[in-house]
A.B. asks: 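Quick one: the structure is below, and I'll ask about it shortly.
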Amino acid sequence: MARAARQARQPRALDAPGYTPGQRGTGAAIFFIHPTSYINRDHWNAPIDDPETNARAELFLRGQASAFNEAGDIWAPRYRQATFGAFLTSAAESERALALAYGDVSAAFDRFLKEVGPTRPIILAGHSQGGAHLTRLLRDRIATDPKLRARIVAAYVVGWPVSRTTDLPRMGLPECRAADQTGCILSWESFAEPADPSLIVDAYDATIGFDGRPRKGTPIVCTNPLTGTADAAAPATANLGTLVPAADLAIATMAVGSVPARCADRGFLLIGDGPNLGPYVLPGNNYHVYDYSLFWANVGADANRRLKAFAQ
């Protein structure tokens, strides 16, 4: 079964300078669903106690979830995630693997709600597979519960495409159109230029949306994390800090004003030439692995800004 942290945590940000953790027990309760860290082919779903998988997940938390440290306390469930290969096939086994993983996430969310109590503001966030599970959580749990929906500061569905036409109307929250808007969804997928998102587009266009209609040809939600607004463009000077990991991933530096961003095409976020953050850029100039670290300081500032607006 899934294991949610018994106590909230504030992941270290690869020991990077330039941020101030918030005081424990204050601010929002943050539910963060980490991306795929199980890459073996031995099982469709990760064993819950696999040390390599869990160590990789912890690294993702340090580089991604840590952006929310100042906004509150972070709960990050350990769940029986679907293996990386599950996203490369439409086989029935793949569907079962994703359903099992989502079941763990949903169970962890139940425990999270019990631990945080009935009134604390909530921030939801995820990346990649975590973003996929978050879309379902929004559809199944947030859209159907007005009291719970009223507690959502924002939902960061990062690294997973959300159709404005077939998905968003069923997810309970609108997309964030203003920088201080609350109760809304942010989403982006980062590509350097020249970008070739055809692998993502082909897979996306072959799927069915939450309303039962094909996603093919529909626009994708694109939030510019530098501005906190939809379909926007911003120069590199607006970037408050990119988390740049060292080769051993033990420490990082903060590069200020180095990466621009603009929403373009079907809704992908383009970042110009793209910085050298490591060897994990995917085909098509896809900076998927770095969706959070590219805009690490802006994500934190965005969460703080929306939390402040929510409290007013």
Side-chain angles (χ1 to χ4, degrees), residues 11-19 32-42 46 50-67 76 81-89 125-132 156 158-161 188-204 225-226 236 239-262 264 268-300:
R12 290 182 302 133
L14 297 177
D15 292 329
Y19 77 98
F32 187 92
I33 313 169
H34 69 73
T36 307
S37 61
Y38 182 65
I39 58 176
N40 295 333
R41 299 182 179 180
D42 298 337
D50 182 73
E52 181 180 351
T53 297
N54 292 338
R56 191 177 291 116
E58 187 67 29
L59 185 63
F60 286 141
L61 293 178
R62 292 175 63 196
Q64 297 178 344
S66 61
Q81 61 189 271
T83 184
F84 178 77
F87 295 91
L88 305 178
T89 176
H127 184 251
S128 194
Q129 178 173 171
Y156 296 78
V158 181
W160 191 262
W188 64 88
E189 295 179 277
S190 311
F191 283 80
E193 300 177 72
D196 179 9
S198 58
L199 290 176
I200 306 299
V201 170
D202 290 347
Y204 170 85
L226 297 183
N239 195 316
L240 302 177
T242 297
L243 194 68
V244 182
D248 62 1
L249 303 180
I251 60 173
T253 57
M254 198 67 66
V256 177
S258 64
V259 180
R262 63 185 179 93
F268 294 102
L269 188 71
L270 304 184
I271 61 169
D273 293 336
N276 181 14
L277 298 182
Y280 302 110
V281 177
L282 301 179
N285 260 342
N286 188 348
Y287 270 67
H288 177 73
V289 174
Y290 307 105
D291 280 325
Y292 274 97
S293 55
L294 283 163
F295 316 106
W296 188 90
N298 288 80
V299 171

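The chain is numbered in sequence order, starting from 1.
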A.B. asks: Kindly say whether Ser190 contributes a backbone atom to a donor-acceptor pair with the side chain of Asp291 at under 3.5 angstrom?
C.D. replies: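 Present.
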A.B. asks: List the atom of Val299, the atom of Ala67, and the distance in Å for their closest heavy-atom pair.
C.D. replies: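 What the structure gives for the nearest pair is CG1-CB, 4.0 Å.
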A.B. asks: Counting C-beta onward and ignoring hydrogens, is there a side-chain heavy-atom pair between Ser66 and Trp296 closer than 4.5 Å?
C.D. replies: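 Counting from C-beta outward, Ser66 and Trp296 do come under 4.5 Å.
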A.B. asks: Give the C-alpha distance, both sets of side-chain angles, the deciding distance and a yes or no for side-chain contact (heavy atoms from CB on, under 4.5 Å) between Tyr290 and Thr242.
C.D. replies: CA-CA 9 Å; Tyr290 307 105; Thr242 297; over 6 Å; no
A.B. asks: Which pair of non-hydrogen atoms, one from Asn298 and one from Pro225, has the smallest distance, and what is that distance?
C.D. replies: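 Scanning both residues completely, I find the closest heavy atoms to be CB-O, 3.4 Å.
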A.B. asks: What's the verdict on side-chain contact (heavy atoms from CB on, under 4.5 Å) for Glu193 and Asp273, showing C-alpha distance, side-chain angles and the deciding distance?
C.D. replies: CA-CA 5 Å; Glu193 300 177 72; Asp273 293 336; 5.8 Å; no
A.B. asks: Between Phe295 and Ile271, is a side-chain contact (heavy atoms from CB on, under 4.5 Å) present by the stated rule, with each step listed?
C.D. replies: CA-CA 11 Å; Phe295 316 106; Ile271 61 169; 3.8 Å; yes
A.B. asks: Can you sort out the partners of Ser293 under side-chain hydrogen bond (donor to acceptor under 3.5 Å, both in side chains), two or more places apart, ordered by chain and number?
C.D. replies: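 Result, side-chain hydrogen bond (donor to acceptor under 3.5 Å, both in side chains) vs Ser293: none returned.
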A.B. asks: On a heavy-atom basis, which atom in Tyr292 and which in Ala125 lie closest, and how many Å separate them?
C.D. replies: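 Scanning both residues completely, I find the closest heavy atoms to be OH-CB, 3.8 Å.
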A.B. asks: Determine the minimum heavy-atom distance between Glu189 and Phe268, stating which atoms define it.
C.D. replies: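 Heavy-atom minimum between the residues: OE1-CE2, 3.6 Å.
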A.B. asks: For the pair Arg62 (side chain) and Ala250 (backbone), establish whether a donor and an acceptor sit closer than 3.5 Å, ignoring hydrogens and angles.
C.D. replies: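 At least one qualifying donor-acceptor pair exists.
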A.B. asks: Indicate the atoms forming the closest heavy-atom contact of Ser128 with Pro35, along with that distance.
C.D. replies: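 Reported closest heavy-atom pair: CB-CB, 3.7 Å.
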A.B. asks: With a 4.5 Å limit on heavy-atom distance, are the side chains of Val244 and Ser258 in contact?
C.D. replies: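 No; the side chains remain at least 4.5 Å from each other.
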A.B. asks: Hey, are the side chains of Phe60 and His127 touching, using non-hydrogen atoms and a 4.5 Å cut-off?
C.D. replies: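 A side-chain contact under 4.5 Å is absent here.
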A.B. asks: Under a 4.5 Å cut-off applied to non-hydrogen side-chain atoms, are Leu294 and Pro275 in contact?
C.D. replies: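 They are in contact (side-chain heavy atoms under 4.5 Å apart), so the answer is yes.
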A.B. asks: Residues in side-chain hydrogen bond (donor to acceptor under 3.5 Å, both in side chains) with Asp196, at least two apart?
C.D. replies: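 Partners of Asp196 by the side-chain hydrogen bond (donor to acceptor under 3.5 Å, both in side chains) criterion, ordered by chain and then number, come out as Ser198.
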A.B. asks: So, for Gly284 and Phe191, which heavy atoms are closest and what is the spacing to 0.1 Å?
C.D. replies: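 Heavy atoms of Gly284 and Phe191 come nearest at O-CD2, 3.4 Å.
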A.B. asks: What is the distance from atom OH of Tyr280 to atom CG of Asn286, rounded to the nearest 0.5 Å?
C.D. replies: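 If I round to the nearest 0.5 Å, the distance is 15.5 Å.
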A.B. asks: For a 4.5 angstrom cut-off between non-hydrogen side-chain atoms, does Leu243 reach Met254?
C.D. replies: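 Yes, close enough: below the 4.5 Å cut-off.
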A.B. asks: Look up atom OH in Tyr204 and atom CH2 in Trp160, then write down how far apart they are to the nearest 0.5 Å.
C.D. replies: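 Nearest 0.5 Å value for the OH-CH2 distance: 11.5 Å.
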